[in-house]
Amino acid sequence: MHNKTISELAQGLRAGDFSSVELTQTYLDRVARFNPQLNSYITICEATALQAAALADQQISDGDAPLLTGIPIAHKDIFCTDGVKTSCGSKMLDNFIAPYDAHVVSLFKQAGAVMLGKTNMDEFAMGSSNENSFYGPVHNPWKSGAVPGGSSGGSAAAVAAGLCVAATGTDTGGSIRQPAAFCGITGLKPTYGRVSRYGMIAFASSLDQGGPMARTAEDAAAMLQVMAGFDTRDSTSAEQPVPDYTAGLNDDIAGLRIGVPREYLGGGLDPAIEASIQLALAEYKRLGAELVEISLPNTELGVPTYYVVAPAECSSNLSRFDGVRFGHRCSEPKDLEDLYKRSRGEGFGAEVKRRIMVGTYALSAGYYDAYYLKAQKIRHLISDDFRDAFKQVDVIMGPTAPSTAFGIGEKADDPVTMYLSDIYTIAVNLAGLPGMSIPVQPVDGMPVGLQLIGNYFEEAKLLNVAHRLQQVTDWHSATPAGFE
Ligand code: GLN
């Protein structure tokens with residue numbers, strides 16, 4: 001049952017082949033069996049999942065239930081869930097029971113989906129390996145001892161290992177796409193503003209975007225259909241109509257112009273990964289697409305720009321964790337200053353503190369113009385590169401990450417090398433564009449992701465292009481050994 005797609009499961013539920021309670025129990029059993037080794041869940045919601053499943057069975061038998069009804073999913077622990085611990089991977093929020101649902105969470109509830117639990121993540125979504133979680137690292141189901149990528153590594157590992165049908169993730173600089181690539185699944189970061197950020201704990205508000213992580217493009221489309229849409233509670237939410245994401249999945253892609261940025265190939269890219277990317281591009285040519293060499297000249301400025309903008313926004317967003325209103329509070333503070341200092345000192349991990357310090361520095365008087373303002377200007381140049389590219393091509397393709405999943409501990413002491421894991425994904429967030437990662441030919445048994453970048457609000461096109469490849473290849477259907 002755990003290898004089926006959302007539409008297959010929805011059919012099975014409607015045909016009475018199995019109930020949502022049975023399906024949910026199957027997943028809960030797998031979670032109980034495999035989570036101790038993977039650590040992909042922080043919280044498992046067994047009782048409420050089974051209750052939701054029973055309700056879903058009722059709705060299905062009453063008829064007219066939405067597609068996701070009774071389908072077991074998981075939410076990244078960055079999304080607030082009413083009455084359920086929402087830790088954001090941090091000791092700071094280890095005691096935090098959210099008093100309301102994030103918009104995305106309430107949409108999935110309305111759609112009848114069953115929440116199995118909350119997935120592990122890098123603390124406050126800062127990281128590329130899931131090693132920054134207060135709850136310990138997540139293991140990649142493809143190789144124990146390898147990272148799953150980050151920061152949505154718990155969601156990626158859970159989907160890849162069949163510990164949920166699909167999951168939510170968030171992507172500020174690559175955190176949906178890079179773990180999707182490392183775990184061999186399909187992940188989509190929508191256009192900035194497509195999915196409401198209400199109740200999604202803020203890291204860098206001008207970059208953060210929630211999106212689906214699933215086994216196939218078709219499943220990602222079904223998930224995005226639920227998540228996307230305008231929300232008055234998020235002032236940056238886009239008032240754009242939501243198209244039917246599944247309607248065009250099978251559209252012919254003959255004549256599609258695929259831009260391949262010369263800056264994304266060669267350089268620090270593992271040649272074996274480049275070969276996998278070329279193999280996928282050759283498949284696209286066979287499907288009638290045309291490959292066009294393009295240039296995104298400011299590519300190398302993406303990482304340094306991001307590491308000014310994201311820490312600046314995080315230093316501001318994380319000032320709300322002060323030991324007063326919610327979250328960790330130190331014991332017996334002497335005075336207010338001691339309360340702030342010790343609560344924050346004890347509650348935040350090393351990477352979060354590093355970012356807060358960098359961001360506070362970049363925003364301070366005298367440095368603002370030199371760093372923050374400069375970074376914002378370069379951000380425009382990066383967006384302009386994409387705008388020019390989309391005059392010539394329909395989608396852009398390249399690798400998602402420069403390597404396959406590395407070992408736990410391998411890069412943990414070297415933040416700059418770690419930051420480079422997002423070299424191909426970060427610019428997409430800076431520009432606010434939609435991006436996707438889909439599995440292509442593995443290297444030495446480890447998954448590799450092909451990144452697809454689309455123009456604003458062209459998620460349907462990305463899903464169509466991804467789905468077409470998944471119709472003629474089976475890279476996306478490989479399952480890690482031991483998790484069949
Ligand atoms: N790896 C990047 C960082 O550490 C991106 C994280 C993300 O997308 N949330 O900030």
Side-chain angles (χ1 to χ4, degrees), residues 75-79 88-90 119-133 137-138 147-156 167-183 187-190 192 195 197 200-213 302-318 348-359 362 375 379 400-403 405-406 411-412 414-437 449 451 453:
H75 288 301
K76 184 178 182 179
D77 209 16
I78 197 168
F79 288 98
C88 219
S90 182
T119 56
N120 203 345
M121 56 180 285
D122 282 302
E123 184 177 7
F124 288 102
M126 298 175 199
S128 307
S129 67
N130 235 283
E131 292 165 287
N132 297 337
S133 169
V138 174
V147 304
S151 63
S152 313
S155 290
T168 54
T170 63
D171 191 314
T172 303
S175 281
I176 287 177
R177 290 160 287 159
Q178 186 254 23
F182 280 13
C183 292
L188 169 62
K189 178 207 103 70
Y192 182 76
V195 169
R197 291 183 295 109
M200 194 179 105
I201 296 172
F203 159 17
S205 308
S206 75
L207 301 161
D208 298 342
Q209 186 60 199
M213 305 181 76
V303 172
T305 303
Y306 173 89
Y307 280 99
V308 172
V309 174
E313 294 185 15
C314 111
S315 77
S316 161
N317 272 323
L318 272 59
F348 291 137
E351 182 62 23
V352 173
K353 287 178 186 163
R354 181 180 296 127
R355 306 263 180 123
I356 291 173
M357 287 193 285
V358 169
R379 195 171 172 180
T400 304
S403 70
F406 43 88
K411 296 190 181 181
D414 185 354
V416 175
T417 318
M418 187 74 90
Y419 295 170
L420 290 172
S421 317
D422 298 314
I423 187 156
Y424 306 119
T425 49
I426 264 177
V428 175
N429 300 73
L430 290 167
L433 293 163
M436 198 167 174
S437 180
Q451 184 177 209
I453 305 168

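Whatever order the structure lists them in is the order used to number ligands and atoms, beginning at 1. In this text the structure is predicted, and so the values were computed from the model without any measurement.
In this structure a side-chain-to-backbone donor-acceptor pair under 3.5 Å is missing from Thr119 to Gly154. A donor-acceptor pair is defined here as one N or O able to donate and one able to accept, closer than 3.5 Å; no such pair exists between the side chain of Ser133 and the backbone of Asn130.
Ranking the protein heavy atoms by distance from atom 6 (C) of ligand 1 puts Ser175 OG, 2.9 Å first.
Of the N or O atoms in Phe203, none lie within a sub-3.5 Å distance of an N or O in ligand 1.
When heavy-atom distances to ligand 1 are checked against a 4.0 Å cut-off, Met121 has no atom that comes that close, whether in backbone or side chain. In Tyr307, the part holding a heavy atom less than 4.0 Å from any atom of ligand 1 is the side chain. The parts of Thr172 lying near ligand 1 are both backbone and side chain, judged by heavy-atom distances below 4.0 Å.
With respect to Ile78, the side-chain contact (heavy atoms from CB on, under 4.5 Å) criterion is satisfied by exactly one of Ile201, Asp122, Thr168, Asp208: Ile201.
At least one heavy atom of Arg355 sits less than 4.0 Å from an atom of ligand 1. Under a 4.0 angstrom heavy-atom cut-off, Gly127 registers as being in contact with ligand 1.
Ligand 1 places these atoms under 4.0 Å from at least one heavy atom of Tyr306: 2 (C), 3 (C), 5 (C), 6 (C), 10 (O). Listed by atom number, the atoms of ligand 1 under 4.0 Å from Asp171 heavy atoms are 8 (O). If you number the atoms of ligand 1 from 1 as listed, the ones under 4.0 Å from a heavy atom of Ser151 come out as 9 (N). Every atom of ligand 1 is numbered from 1 in the order shown, and the set under 4.0 Å from a heavy atom of Ala125 is 6 (C), 7 (C), 9 (N).
Separation of the Phe182 and Phe406 ring centroids falls under the 6.0 Å cut-off.
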